[in-house]
Amino acid sequence: MDENYPIKRIIDDHGHFVDSTFENEIDEKLVKELYYHMLRVRTFDRKAINLQRQGRLGTYAPFEGQEAAQVGSALALQPDDWVFPTYRDHGATITFGKSMTRTFLYWNGRVEGCVAPPDRNIFPPAVPIATQLPHAAGAAWAEKLKGTQNASIAYFGDGATSEGDFHEGINFASVFKVPVVFFNQNNGYAISVPIEKQMNSKTVAQKAVAYGIPGVRIDGNDCFAVYFETKQAFNHARAGHGPTLIEAVTWRKGAHTTADDPSKYRPETQGKDIVDPMTRLELFMKNYGYWDEQWIEEVKEKTANEIDLAVEEMEKYPASNVEDVFDHVFAEMPPQLAEQKESYLAHLERR
Amino acid sequence: MDENYPIKRIIDDHGHFVDSTFENEIDEKLVKELYYHMLRVRTFDRKAINLQRQGRLGTYAPFEGQEAAQVGSALALQPDDWVFPTYRDHGATITFGKSMTRTFLYWNGRVEGCVAPPDRNIFPPAVPIATQLPHAAGAAWAEKLKGTQNASIAYFGDGATSEGDFHEGINFASVFKVPVVFFNQNNGYAISVPIEKQMNSKTVAQKAVAYGIPGVRIDGNDCFAVYFETKQAFNHARAGHGPTLIEAVTWRKGAHTTADDPSKYRPETQGKDIVDPMTRLELFMKNYGYWDEQWIEEVKEKTANEIDLAVEEMEKYPASNVEDVFDHVFAEMPPQLAEQKESYLAHLERR
Amino acid sequence: MTQIVESNQKDVKTTQMTMIQAINDGMRVLLDEDERTIILGEDIGKNGGVFRATEGLQEQFGAERVVDTPLSEAGIIGTSVGLAVNGFKPIAEIQFLGFIYPAYEQIMTHVSRLRMRSMSRFTVPMVIRAPYGAGIRAPEIHSDSTETLFTHMPGIKVVCPSNPYDAKGLLIAAMEDPDPVLVLETMKNYRSMREEVPVGKYTVEIGKGKIVREGTDVTLIAWGAMITVAEKAAQLAEKNGIQCEIIDLRTLYPIDRDIISESVKKTTRAVIIHEAHHTSGLGNDIVSIINDTAFLYLRAPIERVTGFDVPVPFFSLEEHYLPTSARVQEAIEKVVHF
Amino acid sequence: MTQIVESNQKDVKTTQMTMIQAINDGMRVLLDEDERTIILGEDIGKNGGVFRATEGLQEQFGAERVVDTPLSEAGIIGTSVGLAVNGFKPIAEIQFLGFIYPAYEQIMTHVSRLRMRSMSRFTVPMVIRAPYGAGIRAPEIHSDSTETLFTHMPGIKVVCPSNPYDAKGLLIAAMEDPDPVLVLETMKNYRSMREEVPVGKYTVEIGKGKIVREGTDVTLIAWGAMITVAEKAAQLAEKNGIQCEIIDLRTLYPIDRDIISESVKKTTRAVIIHEAHHTSGLGNDIVSIINDTAFLYLRAPIERVTGFDVPVPFFSLEEHYLPTSARVQEAIEKVVHF
Ligand SMILES: Cc1ncc(C[n+]2csc(CCOP(=O)(O)OP(=O)(O)O)c2C)c(N)n1
Ligand SMILES: Cc1ncc(C[n+]2csc(CCOP(=O)(O)OP(=O)(O)O)c2C)c(N)n1
Ligand SMILES: [Mg+2]
Ligand SMILES: [Mg+2]
């Protein structure tokens, strides 16, 4: 079956074109945009790991290795689209417009970290695996009913494909032909469980057959493949043709989270042959004359400053407000809850 | 995609061979066995509807039109196999050895109706849709671990394919390569919802691709196709090659249950062109010299008597025992439950 | 029966309706007045629902607004979350409460928590309707009464009307509520009574119980199908000179503590009746409310008459599972003669 | 602290263990003594579980008996039902209690009801282990404490050890039980204490609470992580001359009513502490038990110190959600000075 789902690539491991379909659409603007965002989120990611090590952040889920998949797909979105991320997709959400400060806050156990800017429809990260797929279908359905051109994207991992909600969400989307892109990052592992223990199918993409929708398998470390295939899936969706399942084959370079020790379950050498998505883009830029040392230095500096500022903002952020424990359960607090709040605040006063 | 899943048939609508693969294995014994059981369960089914109309049975789920699918598959089982039916699969369970009396009792709201003979591993009918698929995988897994040649069969409908448990059950079975046959009866409707509103895929069989297992689409009204394809799937399973998904395309001739009125949601004419599975077998028997009027009369009489006896037994069955409300919750009753039982029995005494 | 009639509307046109008709009528009003209303469920379209709750609605409002879904409760609830967040007002029908469990994760982790998680940026104004309860000779699992699973879930309200008027009024109130509301509908009462129900729109306030019979000696607290049981028991008790007050709780979360507390302070005795299991049933919450608010008034231990701690039995035995007026009557005698 | 030591075994070899080690050791014993024992879960193999509960077990007993499953809780529980019915004794690990919801239907309609449905022909002797509770700075949903969802489910037992000794003993007892048992493990105590735990096999009886501190003035009833909170509060109260008795309930279904009733009859006052939400929390059941069995002894309304009726907040605020010894102390003062 997997022979029906060859991995689509636009550039190879050495940064050379292997597919020229989109060659004309690749220009300096796009290349720099991809590079800029990938560098930016990678720098964020590494900073977050450092902060966690220093005890300035809680347990953190890194995405290093998945930048091409996350940035490439996020850049394919329109501003009014809907994004349904997991806990590992802040590379995508930051690229789409979520604030870094808020993202740091999220990893410090701050609910404020879930809130995206008002002009971006970004759901809070889904922690219960695969539960966001039906939401993406529902939001897309609403857009269809409203008659807009907006669409949804649901991010999820290889492990998520085993949950019922994966199945039910895609089934609904396919039956109601709603504009949604199911974007799977197959990063090889669900915590410690390798993909061959997760599923008996050789690919995630082939699962699209179950729903009679297109399934596309792409090299998730090739930012161009990700960008253009996601864009195509969105075009398909916006044109009223319904959902697409994209499998972006990528690799989680680091631990599942900072609390995880991958050496317990995967060989040191595994994945070492995979060319890093940033390296691949750099090679491409050098091969095709996009490499601009000065611009890169500027971008690095700008990004570093931006992130430092975000760290500062995060650390200066007003302390958690105990009232938030009670205030966002209902629009209007039921009497018993109001009483609980009141009596707890009074208790705190007394202490 | 559906072109990959043509409907397999052995005999056509007129009872003529269209596939000779199994011709040598079709002998008088098999033909008569199929005929006998299909007649037997159809007679049971019609009797049950009559009893319901007379108020002698509760709401009943008829299976007329699905006899070939149920009998053909049940005859492919070995005595030590495990059967996981729904509420509509008593054609299969009766064929496999469940008592008719108990089956009637089931439809009279008697829990005794769930209990199969000790030498038959038949689960109680699964009422919550698709929940039995993981059970079938688990029981089959146990057989594999024990090193036996036994296998499971899970019966389920087209509607069931939309539930998460369908997906999770087959995924487990495929990953652990356990000996189970997932036997889908696509009877066109889930209550009032036609298959094209249930799924966007043209077939159920193609959903097997998602799990990297064989998917087979058969004419569920051709008892030979059902029998031999199910047998093959069992051989595959017993040989250690894992699960198969079979889609038996059939037709629910009657109502969803006796409480349902199909004229509300499906045109009178729909399905009228489908040749009844019994008629097809009869035509086959006539075409190929198996028709034996005398034997058929004997079988009809025998069956009618057997069913009358079962009705009698059901109606003479000892009244429901109120203690059963309490006695099968735990092996040993916790004190509070024992107290509830005691005080309720005392209350009944007082009245 | 001393039915205390609410009438916030005067001179309202009314018509005779059963509870199922009132629910159907309520949905028609909601579909009619707001085009964002969308109904999702299994068999609710042409078939009009297995209880005919949505009869005629698809015909009137089209298949885009009254939608037959695949057989998938998590799908129904999960997509409803997306629809609700994105501007629609879904009414999700779960065919029977016993089939809500596959959607439990969606309700528990999203329907009820999305407001909190997003600090009220994303809210889920939706209604989940679910027929519940035993006593109609339905197959297994169709008869569960597991309201506790939802009252123990911060972020969702739970209502449970016992009659046509409340059913329509609470359904409309639920849809006007900015937060998710689970509407539990007792199947036993779907067609068991008919009463005058206002034509058009009106609401019954969520969070308010109702005294449906006034009395001085003991307070009976019940909801849904158990109101009828309580009323019969009260009639029996009256023959022995015991005057029961009956509270129809109507909303199970947030519970109307005041109505309970005031009544028990007056009567000094209480019997709680529910068909859910005894252990962790909502009756325990009511015992606590009385403990918290009327401790010094209580003259006898509170009695609870409930479903037993057993799975709801197959229908040949279900009458033994359900509270009966005879059991309630004994409980009344017990608290009165403590 | 007046720890009352149980010793049904004399001269037993013991060794120092944390709770997580005791659980690991318990599973080793079970795998070792019965080859029908099989463990299923996410990340329990090479990784040894996210809390190391299954550390070393796959290495020792093989990947056929300690099985990494796909990420699918309904799959884990559903296949365990099939395994259990067909002769195996599964221990199913749910990575966190907050992720049990996708399996809720399987537990509610099959694990707990198959015995009833088959009149005891098919039984489901299995154990479900689930870490639960807040206070370890885990992400959202990882911190739920929703035992009520299982105590309100006839056909399954629920235990909740607070210490290494009970954790191992209850786990082994759960596996010996002919019926399904849910073992709730407080993550907060996984490594917070070490104590002497017998090497090899022993059991702690299901259904029996334990007095972990004797006192005369007020009974504190708690379980899991709340035992520590109760103990601190008792120490604070002692300074004010109040002697608290503490019951570690240990089993949440079936509850040990006698131990509660006897203690409250003695102390005449009770404070219940649990981290689950207030409404429909198990505290209400305990209030009812006291109402039913010690009504005339009670000198003050029972106080409950619980998690609030809000979703467990993100971890920066979780300490405000959880009962504290300060809140318990106030409740103690309140019942004593009523
Ligand atoms: C329903 C549910 N079960 C278990 C978990 C615990 N858990 C968190 S992440 C994870 C693995 C997810 O793997 P995958 O979907 O491949 O995404 P990745 O982490 O690789 O990005 C698990 C098991 C959870 N969050 N939700
Ligand atoms: C989880 C769940 N949801 C809803 C129902 C109500 N229900 C009973 S049968 C049925 C349709 C099933 O259709 P299908 O799977 O095609 O089987 P068929 O009845 O056609 O044999 C529905 C919706 C149920 N039993 N379980
Ligand atoms: Mg992964
Ligand atoms: Mg069907």
Side-chain angles (χ1 to χ4, degrees), chain B residues 58-59 61 87 105-114 124-131 157-166 190-194 197-199 256-257 259-262 264-266 319-322 324-329 334 336-337 340-341 343-344 347-348 350-351, chain C residues 41-52 55 58 63 67-76 78 95-96 98-103 105-106 136-143 277-279 305-321 324 326-327 329-331:
Chain B
T59 300
Y87 48 85
L105 284 168
Y106 177 80
W107 294 105
N108 252 335
R110 297 290 299 265
V111 66
E112 295 89 339
C114 283
V127 168
I129 300 292
T131 52
D158 40 293
T161 64
S162 295
E163 289 282 8
D165 277 8
F166 159 85
I191 309 187
S192 72
V193 179
K197 290 193 179 174
Q198 198 66 246
M199 63 192 78
H256 171 69
T257 66
D260 172 58
D261 173 10
K264 297 205 72 145
Y265 54 80
R266 74 182 189 194
S320 288
N321 180 358
V322 56
D324 285 338
V325 169
F326 303 92
D327 287 355
H328 298 286
V329 185
Q336 31 272 80
L337 185 53
Q340 288 176 17
K341 177 181 172 184
S343 93
Y344 183 60
H347 166 82
L348 289 182
R350 281 193 295 277
R351 299 192 49 78
Chain C
E42 296 157 9
D43 306 295
I44 66 166
K46 272 193 198 161
N47 198 37
V50 294
F51 289 103
R52 306 283 169 255
E55 181 113 290
Q58 190 181 67
V67 188
D68 273 325
T69 67
L71 210 177
S72 146
E73 290 75 14
I76 293 171
Q95 206 162 72
F96 292 83
F99 303 133
I100 206 168
Y101 310 128
E105 179 185 36
Q106 282 290 343
I136 63 153
R137 297 174 70 79
E140 217 209 329
I141 314 292
H142 290 68
S143 311
H277 313 299
H278 198 76
T279 297
V305 182
T306 70
F308 299 114
D309 283 343
V310 305
V312 183
F314 280 53
F315 72 71
S316 68
L317 285 168
E318 68 183 336
E319 294 302 339
H320 288 292
Y321 172 83
T324 57
R327 280 171 64 200
Q329 198 199 355
E330 285 195 357

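All chains are named by letter (A, B, ...) in the order of the sequence lines, taking the proteins before the strands, and each is independently numbered beginning at 1.
For the set Thr59(B), Val329(B), Asn108(B), the count of heavy-atom pairs under 4.5 angstrom toward chain C peaks at Asn108(B). Across Ala74(C), Pro311(C), Ala326(C), the residue that shares the most heavy-atom pairs under 4.5 angstrom with chain B is Ala326(C). When each of Thr324(C), Val310(C), Leu317(C), Asp68(C) is checked for heavy-atom pairs under 4.5 Å with chain B, Leu317(C) comes out on top. Highest contact tally toward chain C, considering only Asp165(B), Thr257(B), Leu348(B), Val193(B), is held by Val193(B) [criterion: heavy-atom pairs under 4.5 Å].
Neither the backbone nor the side chain of Leu105(B) comes within contact range of chain C; no heavy atoms are under 4.5 Å apart. Using a 4.5 Å cut-off between heavy atoms, Ala160(B) contacts chain C through its backbone alone, with no side-chain atom that close. Leu337(B) touches chain C through its side chain: at least one heavy atom from C-beta onward sits under 4.5 Å away, while N, CA, C and O do not. Heavy atoms closer than 4.5 Å to chain B are found nowhere in Gln329(C), neither backbone nor side chain. With a 4.5 angstrom heavy-atom cutoff, Val312(C) does not touch chain B via any of its atoms. Neither the backbone nor the side chain of Arg266(B) comes within contact range of chain C, judged by heavy atoms closer than 4.5 Å. For Asp260(B), the part sitting under 4.5 Å from any heavy atom of chain C is the side chain, from C-beta outward, and nothing else. Pro70(C) touches chain B through backbone and side chain together, each having a heavy atom under 4.5 Å away.
Atoms CZ and OH, from Phe308(C) and Tyr321(C) in turn, are 9.0 Å apart once rounded to the nearest 0.5 Å. Here the straight-line distance linking atom NE2 of His328(B) with atom SG of Cys114(B) works out to 11.5 Å at 0.5 Å rounding.
Side-chain atoms of Glu330(C) and His347(B) include a donor-acceptor pair closer than 3.5 Å. Side-chain contact annotation: Ser162(B) with Gln198(B), donor-acceptor N/O pair under 3.5 Å present.
Nearest heavy atoms, Phe99(C) versus Glu73(C): O-CG, 3.0 Å.
Sparse packing is recorded around CZ of Arg351(B), with 12 or fewer heavy atoms of other residues, nucleotides or ligands lying under 6.0 Å away.
In this structure, Tyr106(B) and Phe314(C) have perpendicular ring planes: the angle between them is above 60°, well past the 30° mark.
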| Trp107(B) and Tyr87(B): side-chain contact (heavy atoms from CB on, under 4.5 Å), yes or no, with the steps? | CA-CA 9 Å; Trp107(B) 294 105; Tyr87(B) 48 85; 4.0 Å; yes
